Amino acid sequence: MKEPVVISFLTRNRHKFIEAEEALKPFKCIQLVQLYEEKKEYKDDSVDDPIYQIALKAAKEGATLYKKIVVAEDAGLFFNAYRDFPSLNTKWVIKRLDYDGILRLLDGKDRTAYFRSVIALCKPNEEPIAFEGRIDGHITEKVYGENIDCMDYDRIFIPNGFDVPFALMMENKTQISHRKIAFQKLGEYIGHF
């Protein structure tokens, strides 16, 4: 049996790493390790798809710097009521507006939303390739699970087909999330080389 391909996931976010690790469990050909470094954030709204570009650039820089196979991710939440918002500013928006501001921003508006994840895989001295995952749902009218250890938006995002936000279904989240979809695509790709 071949040795598994070791892939270093460039993230300090343990929630992201746990989701990725769970998504890749079926792929015995991959050993995912956490490269506990923060990826550089290139906030450039002028490019067509900033989330895609951020992931590609971070993976390439990580592979070059660490001389390893690196995967980097960028993800965002998108409110359908507002064009491309908050997108690459998802983390910034929650820190500045908090839940109250976000819920007021959507008061009387279309509350449908989606999470999008782009992960990029890069080997040293090669160009990165990207895989994408998306999950649709809507934003709640109140905050759930404030005492639960989860990512901020998990408390206000309910995926389609469910009645509760991610925060109240953390075990299920790893089975259906946008990140899982993207990492499964990566696993299928690795399984073929």
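For clarity, every value in this text was computed on a predicted model and none was experimentally measured. Start at 1 with the first residue, then count along the sequence.
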Where is the tightest heavy-atom contact between Ile69 and Val6, given as atom of each residue plus distance?
CB-O, 3.8 Å

How far apart are the closest heavy atoms of Arg12 and Tyr36, and which atoms are they?
O-CE1, 3.4 Å

Any side-chain donor near an acceptor of the partner, Asn13 and Thr11, under 3.5 Å
no

From the list Phe9, Phe17, Phe27, Phe131, ring pair (Phe, Tyr, Trp, His ring centres under 6.0 Å) with Phe183 holds only for Phe9

Transitive ILVMFWY side-chain link Leu77 to Val164, under 4.5 Å
yes

Applying a strict under-4.5 Å side-chain criterion to I, L, V, M, F, W and Y, I'd like to know whether Ile156 and Ile148 cluster together.
yes

Any non-hydrogen side-chain atom of [X] less than 4.5 Å from a side-chain atom of [Y]?
X	Y	answer
Asp154	Met170	yes
Glu61	Leu10	no
Leu24	Leu186	yes

Evaluate the ring planes of Phe157 and Phe115, with Trp represented by its six-membered ring, and classify them as parallel (under 30°), tilted (30 to 60°) or perpendicular (over 60°).
perpendicular

With side chain to side chain contact (heavy atoms under 4.5 Å, CB included) as the test, would you mind laying out the steps for Val93 and Tyr153 before giving the verdict?
CA-CA 11 Å; Val93 168; Tyr153 285 95; 3.8 Å; yes

Using 4.0 Å as the upper bound for N to carboxylate O, is an ion pair formed by Glu19 and Lys173?
yes

So Ile139 and Leu103, side chain to side chain contact (heavy atoms under 4.5 Å, CB included) or not? Walk me through it.
CA-CA 8 Å; Ile139 303 301; Leu103 298 180; 4.0 Å; yes

Checking Arg116, Lys180, Lys16 against Glu73 for salt bridge (Lys or Arg N to Asp or Glu O under 4.0 Å), the one that qualifies is Lys16

Run the side chain to side chain contact (heavy atoms under 4.5 Å, CB included) check on Asn160 and Tyr114 step by step: do they pass?
CA-CA 10 Å; Asn160 286 348; Tyr114 63 92; over 6 Å; no

Donor-acceptor pair, distance only, cut-off 3.5 Å: does the side chain of Arg111 make one with the backbone of Thr140?
yes

